[in-house]
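Shown next, in structure tokens, is the structure this report addresses.
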Amino acid sequence: MTDRLRVGIVGASADGQGWAPISHFPALRALPGFDIAAICTAHADTAAAAAKVYGVARAYHDYNAMVREPDIDLVSVVVKVPNHHQVVMAALNAGKHVYCEWPLGANLAEAEEMAALARAKGVRAMVGLQARGDPTLRYLHDLIADGYVGEVVAVNMTLFTAGVLERPASRIWDRDKTQGVSALTVRGIHSMDTLCHCLGDFVEVSAKVATQVQQWRVTETGAMVDVDAADNVLVNGVLQGGALASVHVATLPYHTTGWRMEIYGRGGTLRVSTKGSLQRDANTLMGSQGSGPMAVLPVPAHFTEVPAETPVGPPNNVGHLYLRMAKAIREGTPVEPDFDVAVNRHRLIDAIQRSSDEGRVVTLNQK
């Protein structure tokens, strides 16, 4: 490996849409010590077009060929969730370090297989739970660990986002819950991962998972298609340490309020919120110790590690995760959040779904 990490990205569109152009490309361009060495899409013409648009020297339409290249150090997997498993397994078998977007797999079994192979290969394997890179949420984590609110009594979290009534034709595939994308598996876990990272994992859950809008309108044609992917998730549970947690994640028609988490302790209160999604948008943190008034808590500068020229929004959090990956690769240390974290989150998904299906409290045994 050279003094710069050479990244091969699987999944990008020349039209500037999609998660790689929105977050990965601008993050990597702003970071020192990284080169975007190659790009891979499903077809030779789209790969060539994307490489030209983003100024990448090498284009591939076969990810197996790209991951075998000896001068690729890190493979970033930014494709549709149903394709994560096959691309990640190819990269791991080629001995590459891997950054894979969340969800790691379309189901728990896929996630467990990928995590086991990453351990066996001894490579660094990171999952894209981007909120763990957010400076505000990292500060929140440290405040709780340092006792700002004392013993946590209760937590309430809501995430209400818009967009449940229709989809463009390119996104109709995720109406099928077997594809691994829903309010539970994506937005739900991005938000609940932050809750668990800051306050401890769920030890038991009682949940309701529902598809409240059971047909989507196809934007381009007006056709209606059936949907069984969840758009509403209610979770009541107990966290490690005994705090009670209440969570409602929903995709709704109009005038949604974004994300909000309230943490109540014996010694104080913390509240964090954004008008959008916590892993993509700017979060605001407020707090009070004792019965004093709530006030905005400025985030200390040292929590922001990416260069000043890093674009605001998604590239900021993704950039922070890439910095962690680089440090782990160069120093041979563990990376966080890794594929084992992802497996635990997939277990939480299964527990929530099982609780909803069976109408009972489910106990978790996270590893």
Report summary line: Residue pairs meeting salt bridge (charged side-chain N to carboxylate O under 4.0 Å, His left out), one or both in residues 148-172, sequence neighbours left out, come to E151-R266, E166-R217, R171-D174
Report task. Would you check if the side chain of D73 reaches a backbone N or O of L5 as a donor-acceptor pair within less than 3.5 Å? Result -> no
Report task. With the side chain counted from C-beta on, respond yes when H346 and W102 share a heavy-atom pair under 4.5 Å apart, and no when they do not. Result -> yes
Report task. Under the side-chain contact (heavy atoms from CB on, under 4.5 Å) rule, collect the residues that match up with N232, sequence neighbours excluded. Result -> Q212, H248, A250, L252
Query raised in the report: Hey, does the side chain of S23 reach the backbone of A20 with a donor-acceptor pair shorter than 3.5 angstrom?
Result: no
Query - Partner of I263 by side-chain contact (heavy atoms from CB on, under 4.5 Å), out of T269, L199, L195 - result: L199
Query raised in the report: Mind checking whether R345 and P103 have side chains closer than 4.5 Å, heavy atoms only?
Result: no
Query raised in the report: Hey, is the main chain of A47 close enough, under 3.5 Å, to the side chain of T41 for a donor-acceptor pair?
Result: yes
Query raised in the report: Roughly how far, to the nearest 0.5 Å, is the CZ atom of R119 from the CG atom of D340?
Result: 4.5 Å
**Report entry** Donor-acceptor contact below 3.5 Å, side chain W259 vs main chain M157
**Finding:** no
Requested in this report: Not counting sequence neighbours, list each pair that qualifies as a salt bridge (charged side-chain N to carboxylate O under 4.0 Å, His left out) and has a residue in residues 88-98.
Outcome: none
Requested in this report: Run the salt-bridge test on D35 and R4 with the 4.0 Å N-O cut-off and return the result as yes or no.
Outcome: yes
Query raised in the report: Are V123 and M66 grouped together when hydrophobic residues (ILVMFWY) are joined by side-chain heavy atoms under 4.5 angstrom apart?
Result: yes
Query raised in the report: Hey, does L143 have a side-chain heavy atom less than 4.5 Å from the side chain of C198?
Result: no
Query raised in the report: Can you tell if the side chain of I9 reaches within under 4.5 Å of the side chain of L28, non-hydrogen atoms only?
Result: yes
Query raised in the report: If two hydrophobic side chains count as joined below 4.5 Å and joins carry through other members, does V186 share a cluster with V77?
Result: no
**Report entry** Shared hydrophobic cluster, I349 / L234 (ILVMFWY, side-chain heavy atoms < 4.5 Å)
**Finding:** no
Query raised in the report: So do the side chains of F202 and I352 get within less than 4.5 Å of each other, counting heavy atoms only?
Result: no
Query raised in the report: Would you say R68's side chain and A94's backbone share a donor-acceptor pair under 3.5 angstrom?
Result: no
Query raised in the report: In Å, rounded to the nearest 0.5 Å, how long is the span from CD of E101 to NZ of K80?
Result: 15.5 Å
Query raised in the report: Within the distance-only criterion (no hydrogens, no angle test), does the side chain of D231 pair as donor or acceptor with the backbone N or O of T251 below 3.5 angstrom?
Result: no
Query raised in the report: Taking everything shown except H61 itself, do over 12 heavy atoms lie less than 6.0 Å from its NE2?
Result: no
Report task. State whether the side chain of R124 and the backbone N or O of T333 hold a donor-acceptor pair below 3.5 Å, judged by distance alone. Result -> yes
Query raised in the report: With the 4.5 Å side-chain cut-off for hydrophobic clustering, are V306 and V7 part of the same group?
Result: yes
Query raised in the report: Are the side chains of L140 and M261 in touch, meaning some heavy atoms are under 4.5 Å apart?
Result: yes
Requested in this report: Starting at NZ of K327, measure out to CG of L323 and round the result to the nearest 0.5 Å.
Outcome: 11.0 Å
Report task. State plainly whether the residues D193 and R132 are in salt-bridge range, i.e. N to O under 4.0 Å. Result -> yes
Query raised in the report: Do side-chain atoms of S288 reach the backbone of G292 as a donor and acceptor pair under 3.5 angstrom?
Result: yes
**Report entry** Straight-line distance of T274 OG1 to Q279 CD, nearest 0.5 Å
**Finding:** 9.5 Å
Query raised in the report: So D201 and R347, salt bridge (Lys or Arg N to Asp or Glu O under 4.0 Å) or not? Walk me through it.
Result: CA-CA 11 Å; D201 284 334; R347 289 183 180 135; over 6 Å; no
Requested in this report: Using side-chain hydrogen bond (donor to acceptor under 3.5 Å, both in side chains) as the criterion, list what pairs up with E110, not counting sequence neighbours.
Outcome: none
Report task. Provide the closest heavy-atom pair for T185 versus S182 in the form atom of the first, atom of the second, distance. Result -> OG1-N, 2.9 Å
Query raised in the report: Hey, are H320 and N316 close enough side-chain-wise for a donor-acceptor pair under 3.5 Å?
Result: yes
Report task. Would you check if the side chain of T211 reaches a backbone N or O of D228 as a donor-acceptor pair within less than 3.5 Å? Result -> yes
Requested in this report: Just grab all the ring-ring contact (aromatic ring centres under 6.0 Å, His included) pairs involving residues 30-60, residues at least two apart or on different chains.
Outcome: F25-Y54, F34-Y322
Query raised in the report: Is the backbone of R360 close enough, under 3.5 Å, to the side chain of S355 for a donor and an acceptor to pair up by distance?
Result: yes
Report task. May I have all residue pairs that pass ring-ring contact (aromatic ring centres under 6.0 Å, His included) and include part of residues 220-244, sequence neighbours excluded? Result -> none
Query raised in the report: What pair of heavy atoms forms the shortest contact from P135 to V299, and how long is it?
Result: O-CG1, 3.8 Å
Requested in this report: Could you please spell out the steps behind the salt bridge (Lys or Arg N to Asp or Glu O under 4.0 Å) verdict for R138 and E305?
Outcome: CA-CA 12 Å; R138 288 163 55 209; E305 301 172 50; 2.5 Å; yes
Requested in this report: Kindly work out whether a path of hydrophobic side-chain contacts (I/L/V/M/F/W/Y, heavy atoms less than 4.5 Å apart) joins L348 to V181.
Outcome: no
**Report entry** From CG (L74) to CD1 (I36), nearest 0.5 Å
**Finding:** 11.0 Å
Query raised in the report: Heavy atoms, side chains only, cut-off 4.5 Å: are M114 and H85 in contact?
Result: yes
Query raised in the report: If we only count heavy atoms from C-beta on, is the D134 to L278 side-chain gap below 4.5 Å?
Result: no
